[in-house]
Amino acid sequence: MYLSPTFFLDLGLRTFTNNPFFSRDRPILAAGESDFRLLEGQEGLVVTLGPNTAFFDRPNRSVCRWPGVKTIPRQSPHAIPRRSFFANESNAFLQIFCGGGDVRLNRVATLGDQRQILLSAGAGNVVEKIDLTELAREGAPALKFLQPAYLCSSAEVAIRSTPCDAATMSWARAPYVYRAEELESAGRQAILCLSGRTMVWCERLAPGESRDFALGNVIAATENIDSKLRPTSQCHPDDEDHAPVSIVAKPVRTRLREFIEATGILFESMRAREGFLVCELTNRSERPAYVYVQLNKDSFYGGSGFVGVMVKLVSAFLRMSHLPLR
């Protein structure tokens with residue numbers, strides 16, 4: 001039975017169709033076009049690039065690629081202005097020390113014909129594909145997300161490293177996060193792919209709406225989100241006025257005060273054991289807001305660079321100790 005020609009034919013067809021690069025509706029792309037197709041279970045995705053097309057991906061996430069594809073490491077997904085030698089060295093030090101400075105990613109480009117690349121979300125992770133063009137069409141602002149959550153993006157996405165204010169620090173728990181937005185000159189879809197644990201849930205907040213999230217589960221949120229930490233023993237402030245207000249640019253003199261507040265929030269989240277604090281996210285703008293949450297978080301995230309390593313070590317010590325929370 002198992003050696004019959006029908007068995008070998010069926011085995012060959014199942015092996016061919018289970019190939020992640022095989023698809024009966026595989027798109028035929030023109031020059032400059034790209035396609036991001038999620039695999040079953042969202043454990044990875046296949047990126048199809050048209051002729052002379054490029055995209056950016058996170059190092060060590062590419063599993064398989066067709067011949068005719070080259071990788072240029074340490075490229076920036078946004079335009080970098082001309083700087084002096086000391087300014088470039090300062091940006092490099094900022095990136096190594098606390099994850100700031102210019103964003104450097106792998107730039108993957110096709111040499112001529114259409115090609116495909118298979119990427120993995122990582123052990124136990126899943127991929128969430130976000131269409132920044134659709135978010136901008138609905139009126140949502142730029143998206144901020146944790147640096148390790150980045151997987152890949154199309155060439156129409158600009159990604160910059162931005163320092164965290166007090167509101168962002170409440171859910172990011174890091175000195176720097178990534179900020180992604182669609183390029184003004186983008187003529188096609190701007191796709192951003194993030195990876196999270198088990199499942200990534202998208203929550204849309206209308207103007208004035210508020211949600212409570214577990215501390216450490218939020219991996220991305222739009223800029224118009226106002227966040228703060230609140231003890232779980234306190235109820236949600238239902239009597240608070242949630243009327244939409246316009247976001248005004250903050251003056252320079254408040255940066256020092258925000259830095260002190262953000263540092264205090266980071267230390268408070270570092271020593272908070274699970275279940276003692278909740279992250280309250282509120283949309284106080286007149287535009288819709290989006291929050292992306294992973295259902296199962298991994299370990300404590302403290303950012304990249306030397307500061308991120310120190311934050312993880314200190315948080316591990318504080319959470320194993322018996323220091324009082326208040």
Side-chain angles (χ1 to χ4, degrees), residues 27 29-36 45 47-58 72 74-83 87-88 91 94-95 99-110 128-147 149-165 167-168 172 176-194 202 204-207 219-226 244 246-252 283-292:
L29 304 179
E33 295 181 346
S34 57
D35 178 77
F36 296 78
L45 78 160
V47 180
T48 305
L49 299 177
N52 301 319
T53 308
F55 84 112
F56 293 91
D57 72 342
R58 181 181 175 184
I72 307 174
R74 294 190 56 79
Q75 298 297 305
S76 178
H78 64 275
I80 299 179
R82 294 177 60 94
R83 303 191 187 99
N88 290 331
N91 274 272
L94 193 62
Q95 185 179 22
D102 296 326
V103 179
R104 300 291 184 178
L105 304 170
N106 286 345
R107 185 177 186 271
V108 182
T110 55
E128 177 70 12
K129 185 174 71 172
I130 304 174
D131 190 348
L132 297 180
T133 304
E134 184 66 24
L135 295 186
R137 189 178 298 114
E138 294 186 12
L143 186 72
K144 292 182 178 180
F145 60 93
L146 302 183
Q147 296 174 355
Y150 175 78
L151 181 62
C152 65
S153 60
S154 60
E156 290 77 17
V157 178
I159 301 177
R160 294 177 173 85
S161 182
T162 178
C164 293
D165 55 8
T168 307
Y176 281 85
V177 293
Y178 282 164
R179 180 181 183 273
E181 61 182 341
E182 181 187 14
L183 291 175
E184 295 181 358
S185 58
R188 302 176 179 87
Q189 286 184 326
I191 301 297
L192 171 67
C193 295
L194 304 181
C202 177
R204 185 182 187 274
L205 300 183
I219 64 174
T222 50
E223 283 187 331
N224 56 341
I225 284 290
D226 184 23
S246 58
I247 296 179
V248 183
K250 301 176 182 179
V252 179
N283 179 11
R284 303 190 187 279
S285 69
E286 299 178 352
R287 297 185 291 177
Y290 289 87
V291 180
Y292 294 88

In chain order, what residues pass the salt bridge (charged side-chain N to carboxylate O under 4.0 Å, His left out) check against D35, with sequence neighbours excluded?
none
d(R82 CZ, N88 CG) to nearest 0.5 Å is 10.0 Å
Residues at least two apart in sequence or cross-chain that pass salt bridge (charged side-chain N to carboxylate O under 4.0 Å, His left out) with D102, listed by chain then number, are R83
Taking N52 for the side chain and G32 for the main chain, is one N or O donor matched with an acceptor at less than 3.5 Å?
no
Working to the nearest 0.5 angstrom, can you tell me the gap between R58 CZ and S153 OG?
13.0 Å
What heavy-atom pair brings A109 and A54 nearest, and what distance separates the two atoms?
CB-CB, 3.8 Å
When you measure from the side chain of S161 to the backbone of Y176, do you find a donor-acceptor pair of N or O atoms at a distance under 3.5 Å?
no
For E181, enumerate each residue passing the salt bridge (charged side-chain N to carboxylate O under 4.0 Å, His left out) test, keeping only those at least two apart in sequence or located in another chain.
R160, R179
Where the side chain of E182 meets the backbone of A136, is there a donor-acceptor pair that is under 3.5 Å apart?
no
When every non-hydrogen atom of C193 is compared with those of L45, the smallest separation belongs to SG-CD1, 3.6 Å
Nearest heavy-atom approach of L49 to S34 is CD2-CB, 3.8 Å
Among all residues two or more places apart in sequence or in another chain, which pass the side-chain contact (heavy atoms from CB on, under 4.5 Å) test with D131?
T133, E134, Q189, I191
Looking at E286, R284, R287, which hits side chain to side chain contact (heavy atoms under 4.5 Å, CB included) with N224?
R287
What pairs with R74 under salt bridge (charged side-chain N to carboxylate O under 4.0 Å, His left out), at least two apart in sequence or on another chain?
none
In Å, rounded to the nearest 0.5 Å, how long is the span from CG of D226 to CG of N283?
9.5 Å
Would a 4.5 Å heavy-atom cut-off, applied to side chains only, mark V157 and P77 as touching?
no
Which value, rounded to the nearest 0.5 Å, describes the distance between C152 atom SG and N106 atom CG?
11.5 Å
Roughly how far, to the nearest 0.5 Å, is CD1 of I219 from OH of Y150?
14.0 Å
I159 vs F56, side-chain contact (heavy atoms from CB on, under 4.5 Å): CA-CA, chis, key distance, verdict:
CA-CA 10 Å; I159 301 177; F56 293 91; over 6 Å; no
Kindly indicate whether the side chain of T48, heavy atoms from C-beta on, has any atom under 4.5 Å from the side chain of L29.
yes
Sorted by chain and number, sequence neighbours left out, side-chain hydrogen bond (donor to acceptor under 3.5 Å, both in side chains) with Y178 holds for none
How many angstroms lie between CG in L135 and CG in L143, if you round to the nearest 0.5 Å?
7.0 Å
Sole candidate of V177, I130, L194 that passes side chain to side chain contact (heavy atoms under 4.5 Å, CB included) when paired with F145:
L194
Distance-minimising heavy-atom pair for A190 and S154
CA-OG, 3.6 Å
Do T222 side-chain atoms and A289 backbone N/O form a donor-acceptor pair below 3.5 Å?
no
